Amino acid sequence: MATPNPQAQEVITCDLCVKPTQQFCNNCQLSLCVDCVSKHVVKLKYQQHDIVHFKDRKIQLVFPECEFHTNQRCEAHCQQCDVPVCLKCMLGPHNGHKYGDMSDIFNSKKHDIEKETKEIESTIIPQYKKKNEETESKLSIIMAEFDELDKEKEKHRKSWHQEVDTIFNNLGSLMKSIKENLLAALNSHQSKIRNQIPDMTRTVQQNKEILKSNNVSAVTNYKFKLQEYRNMPTDIDVKLPSLKTNTIQGRELSLELGEYKASLTQTTLSNLTEEVSYLSLQKMLEQAKSITTIPAGVNPLNNVACVGVDEVWVSGKDKTIRRVDIHGSVRDTVTTTCQYWPNDITVTRQGELVYSDGYNRTVNIVRHGRTETLITTPQGWRPGQLCCTKSGDILVSMRTTDKSQRKVFRYQGHTVKQEIDRDEDGEPIYKGGVYPLCVMENNNGDICASDSNAKAVVVVNKSGRVRFRYDGTPARRKKSFDPRHIVADSMSQIIVTDHDNACLHIQDQNGQFLRCVANCGLDNPHGLSLDSEGRLWVGLAYSGEVKVIQYMK
């Protein structure tokens, strides 16, 4: 079988159709097939045609036809009029003008075109390609820069939103605190007044009995109470705060509530922290004072949980949880179902006792003297410290069996609603180790944890994102920070016991250190709880005592 010849000539077709060419018109420089020769001659019958065999063709210039004289070709160029001319033109309208040979003009112009083509191809196009690449690079750089600007814009948007949230969270906490303080003061005032009425009624009844009697001693020994009753408790001056706002379009947003002021500027966040800290300090006593020391009868004393005003549940390293009043009298006891002892205790908003049992992996509630299991933790996780939130959820800190990992679970009933254990980079938020992770929820929704293994207080927001860590450095204690139990008051101030330094650390809700309480004989403070009057009940681990401390006005 013959193989195709790569050197075979390409078939040349007719210029008027697609058939192979056989003839050639030298005058018109056209390739023609046999059928198209007659068509070509007829179409241009007034022109001369030199039809030859294609192999005998002569390649020559094809001069343009004259626009004014039929069958004439322009073989010259009028330099004066800059138009092609034929012989009749030169004898007629262009007589006496200067002419150039069309062939010379053709060759010169062709040379210039060749020169131009070469320059475009070898120089101009590469320059354009290079410039195109440079422009493409600039476009990429601009796109990348604007992508970064957009990310930075969103970062600032988020920062500003957080700033606004912080302002209004602080405002909400302050309003709540003012409300609670006013209500507490009025309730206390009302209680004093109300408690006097039965006493006065009894006095009136006794006096009437004395007046009916002829008993000399009853009359002569009578102690007058009129002056005491006349001294009615002084009315409380209730001053309700008003919220003042000021909006200057395009410049500043501001609001005021009493001494609290905030404006929406880039520096608001730090200024706001200082103002809140100042307000907090204004409400604190110059020096905290110990109201009483209660012998709880538990040694070592691990956990305390206040019940109302003057009572507290306490637990240690035995199965019994005791309820002790402010005078040290045991008012109630609960024998737990624990294999050893309860890991932690807390009280619901309804006043029900809740305790965790690490060995049996349960969280239990005591109702009407009977113990019920609320939660059974996942396999491999043991429950530790507890916090009953205002929404009714229960925060449970947990550890793995080998104590290498710790996390916080939020339970709504029996259901896990949230797990907090990793930050945005996937790193553990809490450190594994032998010490428990104490946890509580602040009024602003933050979840605050005392991470003894990391020697830090770790605060995350309600979605579990880390807000800040506090390592005790600002307090300038002699020994390293050793945080144990943790609470938050009505001002969202965070209070944590420092076991090794025999003190309490108080911070505001943004982690700003406010002060230490170190003057109340707090030897080895461990358990911590707040009563309904805002007093701190501190369990001393080794003495088995509970200190009741007032630190706010």
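No experiment lies behind these values; they were computed from the predicted model shown.
- Screening Val459, Leu514, Ile506 for a side chain to side chain contact (heavy atoms under 4.5 Å, CB included) with Ile494, the sole residue that qualifies is Val459.
- For Glu372 and Arg367, the salt-bridge test passes: some basic side-chain N is under 4.0 Å from an acidic carboxylate O.
- Using a cutoff of 4.0 Å between basic side-chain nitrogens and carboxylate oxygens, Asp393 and Arg410 are scored as salt-bridged.
- Judged by distance alone, the side chain of Asn360 and the main-chain N or O of Thr362 form no donor-acceptor pair under 3.5 Å.
- Between Val538 and Ile549, some side-chain heavy-atom pair lies under the 4.5 Å cut-off.
- Taken from OG1 in Thr333 to CH2 in Trp313, the straight-line distance is 7.5 Å, to the nearest 0.5 Å.
- The salt bridge (Lys or Arg N to Asp or Glu O under 4.0 Å) pairs that include a residue from residues 294-310 are Asp310-Arg535, where partners are two or more places apart or lie in different chains.
- Not a single donor-acceptor pair under 3.5 Å links the side chain of Ser404 to the backbone N or O of Gly432.
- Remark: Phe468 engages no residue in a ring pair (Phe, Tyr, Trp, His ring centres under 6.0 Å) (not counting sequence neighbours).
- In the model, Lys547 has a side-chain atom that pairs as donor or acceptor with a side-chain atom of Thr293 under 3.5 Å.
- Side-chain contact check for Tyr222 versus Asn207: some heavy-atom pair is nearer than 4.5 Å.
- Taking all atoms of both residues into account, the shortest heavy-atom contact from Leu437 to Ser397 is O-OG, 2.6 Å.
- For Lys179, the side-chain contact (heavy atoms from CB on, under 4.5 Å) criterion is met by Leu183, not counting sequence neighbours.
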(Q) Between Arg467 and Asp446, is the salt bridge (charged side-chain N to carboxylate O under 4.0 Å, His left out) condition met? List the steps. (A) CA-CA 9 Å; Arg467 285 194 61 221; Asp446 287 346; 2.5 Å; yes
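- Closest heavy-atom contact between Ile294 and Gly328: CG2-CA, 3.4 Å.
- Between the side chains of Asp344 and Ser356, no donor-acceptor pair of N or O atoms lies under 3.5 Å.
- Proximity of a side-chain donor or acceptor of Gln418 to a complementary backbone N or O of Lys462 within less than 3.5 Å is detected.
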Q.
Using side-chain hydrogen bond (donor to acceptor under 3.5 Å, both in side chains), reason through Ser315 and Asn303 one step at a time and then give a plain yes or no.
A. CA-CA 5 Å; Ser315 71; Asn303 309 300; 3.0 Å; yes
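- A side-chain donor-acceptor contact under 3.5 Å links Asp489 to the backbone of Met491.
- Checked by atom type and distance alone, the side chain of Ser191 never pairs as donor or acceptor with a backbone atom of Asn187 at under 3.5 Å.
- His189 is listed as a side-chain neighbour of Ile193, based on a closest heavy-atom distance under 4.5 Å.
- Within the 3.5 Å criterion, the main-chain N or O of Gly433 finds a donor-acceptor partner in the side chain of Arg406.
- In the model, Tyr435 has no side-chain atom that pairs as donor or acceptor with a side-chain atom of Asp451 under 3.5 Å.
- Side-chain contact between Thr201 and Gln205 is absent, with no heavy-atom pair separated by less than 4.5 Å.
- A 4.5 Å side-chain heavy-atom check between Val546 and Leu301 finds at least one atom pair inside the cut-off.
- Between Lys455 and Asp471, none of the side-chain N atoms (NZ, or NE/NH1/NH2) sits under 4.0 Å from a carboxylate O, so this pair counts as no salt bridge.
- Ion pair Lys479/Asp500 not flagged as a salt bridge, since none of the NZ, NE, NH1 or NH2 atoms sits closer than 4.0 Å to an Asp/Glu carboxylate oxygen.
- Ring-centre distance between His499 and Tyr542: below the 6.0 Å cut-off.
- The shortest distance between side-chain heavy atoms of Tyr430 and Val460 falls below 4.5 Å.
- Within the 4.5 Å cutoff, no side-chain heavy atoms of Val548 are placed close to those of Leu536.
- A search for ring pair (Phe, Tyr, Trp, His ring centres under 6.0 Å) contacts involving His505 returns Tyr470, Phe481, not counting sequence neighbours.
- Taking 4.0 Å as the cut-off between side-chain N and carboxylate O, Lys151 and Glu154 do not count as a salt-bridged pair.
- Listed by first and then second residue, the ring-ring contact (aromatic ring centres under 6.0 Å, His included) pairs involving residues 337-372 are Tyr340-Tyr359 (not counting sequence neighbours).
- A distance-only check finds no donor-acceptor pair linking the side chain of Thr346 to the backbone of Cys387 [under 3.5 Å].
- Between Lys390 and Glu441, none of the side-chain N atoms (NZ, or NE/NH1/NH2) sits under 4.0 Å from a carboxylate O, so this pair counts as no salt bridge.
- For the atom pair Asn302 CG and Asn299 CG, the distance stands at 10.0 Å (nearest 0.5 Å).
- Listed for the Arg399 side chain is a donor-acceptor partner under 3.5 Å among the backbone atoms of Thr401.
- The closest side-chain heavy-atom distance from Leu374 to Asn364 is not below 4.5 Å.
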Q) Stepwise, does the side-chain hydrogen bond (donor to acceptor under 3.5 Å, both in side chains) test hold for Ser492 with Asn444? A) CA-CA 7 Å; Ser492 290; Asn444 60 7; 4.9 Å; no
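- Side-chain atoms of Asn510 and Asp508 form no donor-acceptor pair, as typed in the model, at a separation below 3.5 Å.
- Salt bridge annotation for Glu180-Lys176: present, with a cationic side-chain nitrogen under 4.0 angstrom from a carboxylate oxygen.
- In this structure, the side chain of Asn501 engages the main chain of Ser480 through a donor-acceptor pair within 3.5 Å.
- With Asn519 contributing its side chain and Gln287 its backbone, the two residues share no donor-acceptor pair below 3.5 Å.
- Counting only residues at least two apart or on different chains, no salt bridge (Lys or Arg N to Asp or Glu O under 4.0 Å) pair has a member in residues 289-303.
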